[in-house]
Structures are given as structure tokens and as C-alpha cells.
Amino acid sequence: MALPVAEWQARIARLWAALDPAVKERLAAASLHDAVRLGCDLLRSEEEEEAALVRLCHRARTDKEPAAASRYREQGNQEFKRGQYQAALRLYSKVCLEDISRAESHGYPDRLLPKVLLRKAECLLCLERLQEAQDILRALESKIALDGIMTTHLTRLKKLSQLKVKLGEKERCPEPAREARGGIQGEPEVWEENSRISGASSSLSLRFDAERGRHLVASQDIEPGQSLVKEEAFVSVLCPGESLPLQDGDTAWDTGATNADLYCHHCLRQLLASVPCQGCSYAKYCSQDCADMAWQQYHRTECSLGALLLTLGVFCHVALRTVLLAGFAEVSRLVEWSHRGDKNLQNPEAGCKPLSDAGAGSRGIPGCGSNGRYQSSYQALFHLLPHTEQHSPEHKLLCTLSVVAICKQLQAARLEAAVLNQESPQQWSEPKTCEKTSDELSPELKTVAEAMLRHVLQLQCNAQAITVMQELGPGDGAVVDKKPVRLATAFFPVLSLLNHSCCPNTSVSFSGTAATVRASQAISSGQEVLHCYGPHWCRMRVAERQQLLTQYFFECHCQACLEELESGVKSVVSFRNSFSCPKCQAQMQGEEDTLCCSNEACATSASRDHLSGRLQELQQQIKKALDLMRVRKADQAVKMLLKCQVDAGTFLSPDHLLMGEIEDHLAQVYATLGKWQEAARHLKKSIEIVEMHHGPSSVETGHELFKLAQILFNGFAVSEALTTIQRAEGILSVHFGPQSAQIQELQEMKACLSELPRNILQRT
Ligand SMILES: [Zn+2]
Ligand SMILES: [Zn+2]
Ligand SMILES: [Zn+2]
Ligand SMILES: [Zn+2]
């Protein structure tokens, strides 16, 4: 997804294989500047490649298709008739708010009506249609009063009061005042900005050395939970993502609803009712403001290129948007400057060194402005290392031809003036004097292509995924299960200063396009501040981690890697996720094909393949149980999961993560049945295992405690719910901050529990 579609990659691989060895050599040694010239020549002589690209683009149609809306509506209605409400809602959200009223008039079953009404009120609030929102909330209240509190979930009641608060706020004060009020709730965060690095805390300092490159070090002792970096993405592009699996439906059916349909393409907020782009069927926004801003800043250029950008992948798209946001003047200034430093670029040793000390200012740290300040700017972004020498020449060819193809398309679509910020509308809306053939790129577009090539290569090491917590499951249950999902790819020049560690001391969270880095543990003055690029020591063995890290062109020497590699300490992953002896339950050992029982007296052996086969089979069974849960056959799902648990116990270590997952699933099913005590019992076992693997103050443990809080809350286990809420709050606020949605939800639960009428409390 980051890279171009497989067919284009395969074509370029064939082209590369057929190239003259002399050309290959030239390309391997080429600077970015020369690579673009070479790419232009190649693409001109290989017309076939261009034609193939055009054909590939036809598969990703993004032009307006008037039939689409009604098709979604029909599909939604079909799901409706089959009782697949979540699927229906997803489809409806592709069309717009009107469809929810339609759902209502379709006679939504009574049980689900409050949920749809809540959804609708939420949509209306977002659209600032306050009067209508209020009417719905009133109707809902009387409905709940009628049904009595025991038949509706407390969660729903909580949501209702939440919406009422929001409504009250909207009525009382305009937007900015509301945000100011948000700051008063919870603990105000201590934040003093660094005078030398924008968006970084004053407790950090920027250092530079040959081994570690630019990096951040604590200049004073740091407390867990303290914010260290708060940065708005310089650029971000929504990843189209895969079609979301339909939680309610049969697995075969696919709505085609992806992230691109569910989040604003500009600010990345979740879409309830969307403002589609007038020009294409792809871009959708949360508001007219976002649509206008996107159009002004980049979408007027990107709009007609949608299919090409989807075909060539997110990295190319980010590269294009980066140059559009930077503006041509800045792009050409820095590209020209980089040519003066080209000697350095061609030097393979230049890996961690500044492009040119002369350009970086006397203070010597690349990317800093002339005042010595490091800012989240295009200049800083430009200085992220492209590792031009380390990428394989074949990969360089793929990236070069892809960016050249985009620039040719810009020229052919007469968008050049827009790219070059020649702001006279007549100039770029009227056809130029004659049909300019797409033969030769103008010198300006060659400069743009060169900058884009640099950015695509930089992204391999510096792309930052923006993730969100996405709701799993049918969504009408009382317990919300969420997992992080990659939403967008972005450049964060300040965040990029953090080096990687497999056992990092920070945690990153996102809100829209803004990232916040917090200390996940105490960091003492002088220690380097580190961030995990993906391969975490709790989730992967050292060999897998090192393999994944090769794309960043370095070998990890973090504490965890050194211990596992040098002293032969066995990875916690392999130790806890081991097989156990079918006879005596002791741990099975061995690196070979045959595993032996660690209990010498037992001496049982088993083949690794056999045990792995059983593990796979077990995972299949669990999947089937989850499918049953989705179609609301909860009783059958419970039976199946209990069987899986017994089976797992005969060959997996009791600490195996899968044992925890089974417990977690059981808790989830019992919750849908309203059996809160059973649910809590299973979830507690899952929490024990998660704590063992990820640590008691990890994000993972925090999420599990959050779920437990919801279960206890719904089960009216008031005092236990309160202590669990407190624990979850403690952990999650370290990772996400006191203002995060999770923390606010926990606080609302707390408030709701304390307001419960006495008679309900006495019943328990
Ligand atoms: Zn938006
Ligand atoms: Zn558009
Ligand atoms: Zn490591
Ligand atoms: Zn044994």
C-alpha cells in the first residue's frame, strides 16, 4: 500500500532486468538529480510502460460516478433486510445523514432503536443542527424511561448524558470558548516549549553525533506521562486501507467501506456525515471548511490525479503533497542548495552526516534554521536522510519512474502552473497556446520530481503511521473493544529526531493529525529519549526485529537486542509463548524440528510441525467461534470457545498469549449475554496474561482494564468498578494524556456511578 501496486512493481522489475548493464551502473551511482534525468529518458523510450500504467489506473476509478450513492443505499437496504444493521449503517454513512432517517422509517427493531437515535443525534450535533438533536434526545429519554433502566444498557444511558452535555455546550458557547473550557477539566498539563526545537518540551535537548545522527536527550529528570513532543504533521495522507471486515455480516460479503469512507481526508476526524469533493468520488471531508482548505492547499492539483495516486501508492502521494504544501519557491531553493552539497551525497559514508555543514548553519546540526532553531518546517523535512546510496538501484528505478509518471501527468493535465504556485487562475484554467505533448518535462517539473524522489526515499525510514483506536465488534454491545488501526502516513520532522529502541521509554498517540509523545517511564537527565518504530521486544524475537529494521539501514543495539543477541537470553516472546508437554505440562524445549520436554524424568518428545499444526487448527476454531458471535449465536460461541480452551490447555503454556485471547473472547461473549460476573472473571484472567507479556503499566494492560471497567460498570459492581476505573485511568493517562477520549469516558463512568439512584444500588 505504501509502494505502488504489484503489477507496476513487476513491470519495473522486468524493465530493470532488461536494462543495459552500463545504464544499470549509472543508475546505481546516480544522484537524485541524475536519477530523475535518467528516469525521464527511460520513460520516454518505454512508451509501453506508460500505457500499462494508464491501464492499471482504470482499476482505481476515482472520478464521479453518480450511480454509486444509490448503489450503496441499495446494498445498505439489503443488509438491513438481512438484519445486518452495522453493515447497513456503514453503507449509509457512505451516503449521508438522510439514510439514518431512512433506517428509522424502515422499522428498526425496538431493541436497536436507541442506538440509531443516538447515532442520529450525534450526526446532527456535528452538523450543528441543534434543535433537531435536542428533539431526538428528548424522544430517547422518554423511551428509556418507558422501558425502565434494566432493559437498556447503562452504556447507552451514559452516552445520552454525554450527548446532552455536548448539546448544552454547543448552545452556550461558540467553538473557541469550548476548547478553552476543555483545558480546565482534568489536570492541566505542564508544558514549556523548548527554545531551540519547536514542538518539543524544554526538558529535552537536541544532540548530534556520527553514530546516532540527530537525537534527543533528556536535559533533566522526566516523570512518566510527561509530554515530550507535541507536533502537527507537516503533511499526512489518508491510507485507503483495506475494506473493513463486516463485523455483523457473513465473511464473504464486502461493503467496500474503507478508511477512505470513514475519516476526513484533511483532518482525519471520523466522518459522520461527509462533504464529498465536487470533482472526484474519492476525497471526502468532515466539513466544508476542511474541503475548502484541502482544495486551496493541495487538492485542486491532486483531484484529477486520484486514480494514478492510488495506483502508485501512499509514499508517492505523500511526496507530491509535501511539495505542494512547501510551495515551489522553497522546493527549488532547497533542491538547488542540495546540489552544492552533492559531493557529500555521493559519499557512502555520508549516511549519518550533515548534507553540508555550510548550509546547516554554524551550529552544525542539519535541518536547523539560520537562527539555530529546529522547526517542524520543510527545511527540516528536507534534511531527513534519503539514504540515496543504500537503496537498491532497482528500488530507486521504481521510485524514479513513479514520480516522473506523476509529473508527466501534472504537465499533461495542465496543472503545472498550479504546482508552481503561479497564482493567476486564468493562467492555469485556460488551455495553453498549443497542445503540449507529454514528451519532455519542463525544468521546473524536473525539480519537483527530484524533490519528490527524495521524499519517497526518505519515507522508507521516516514515514510515521498515524493510528486510531477503531471499534471492533458489532458495536451495539455494552463493552467496546478497540484496537489501533493505521489511518494515515505522515512526515513529522520533530518526531523523526527520536531514534528507535525495541524497549522504548516513550509512547506516541494521535489526535487528528497531531502527535503527542509522552514518557512511558521515568527518564533521568542525560538519557536518550527513544521511540519504537514498530518491532517491540514484547511482540517479536530479536531475529524478526533485526530483519524488520533492515529497511531503516541500521542495526539495533538497544538493551533488549544486546541481551538477546549477546548473552543468549531467551526472548520473553519465545519463553512465554511456548508449547507445553502433552503428558506432564512442563515446557517443551529445543530449536530443532523435534522438541523435548524440559522435565528430564518425562522425556516426551514431539515434532515442531505437529504442534504448529495444532496451533493453526486452534486458531481456525477460535475464528469460527468469533464468527458465531458476530451473527449473535452467543450460546454456541461460548461452547466452542470453552472447547478451544480445553484443547489449548493440552499443548500450550498457560502463559501463552493465545490463552489470554481465549479468555478475552469469552469475556466478550458473556458480556453480550449480560452475564457480567462471568465476563469479569474471564477478563481478569486475560489481564493477568497481558500484564505478564506487556507489563503492568503497558498500553495493552490499560486497554484490558478499560474493558473490565465497562463490564463491572454494567454489572453494577460499583466499588470494584471504581477501583478498576482508577487503575485504568492511571495507566492510560500516561500514554494518552489526561485529556484523551478514553480518560474522559472513564471519568464519565465514574460520574454516572456516583449519581446512580439509591434503589438500583440496593438491588445489587
Ligand atoms: Zn475535517
Ligand atoms: Zn477531488
Ligand atoms: Zn532493539
Ligand atoms: Zn513432559
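Heads up: numbering here begins at 1 and tracks the sequence. Read the numbers this way: they start at 1 and go in the same order the structure lists the ligands and their atoms.
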Problem - Audit row: E617, D647, side chain to side chain contact (heavy atoms under 4.5 Å, CB included) steps and yes/no - result: CA-CA 10 Å; E617 211 171 287; D647 183 32; 6.0 Å; no

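The distance from the Zn ion (ligand 3) to the nearest N/O/S atom of C502 is under 2.8 Å. Look at C264 and the Zn ion (ligand 1): an N/O/S atom of the residue is under 2.8 Å from the metal. Put simply, C286 gets within reach of the Zn ion (ligand 1), with an N, O or S atom under 2.8 Å from it. Using a cut-off of 2.8 Å, one finds that C561 contributes an N/O/S atom close to the Zn ion (ligand 3). Residue contact annotation: H557 places no N/O/S atom under 2.8 Å from the Zn ion (ligand 3).
Scanning all heavy atoms of the two residues, the minimum distance from T301 to A418 falls at OG1-CB, 4.0 Å. Among all heavy-atom pairs drawn from H693 and D655, the shortest one is NE2-O, 2.7 Å.
Put simply, the side chain of S698 gets close to the backbone of T701: a donor and an acceptor are under 3.5 Å apart. With hydrogens and angles disregarded, a donor-acceptor distance shorter than 3.5 Å links the side chain of K284 to the backbone of Y282.
The Zn ion (ligand 4) forms the vertex of an angle spanning SG of C581 and SG of C602; to the nearest 10 degrees it equals 110°. For the pair SG of C584 and SG of C597, the angle at the Zn ion (ligand 4) is about 100°; rounding is to 10 degrees. With the Zn ion (ligand 3) at the apex, C558 SG and C556 SG define an angle of roughly 100° (rounded to 10 degrees).
More than 12 heavy atoms of other residues, nucleotides or ligands lie within 6.0 Å of CD in Q527, so this atom counts as buried by the packing criterion.
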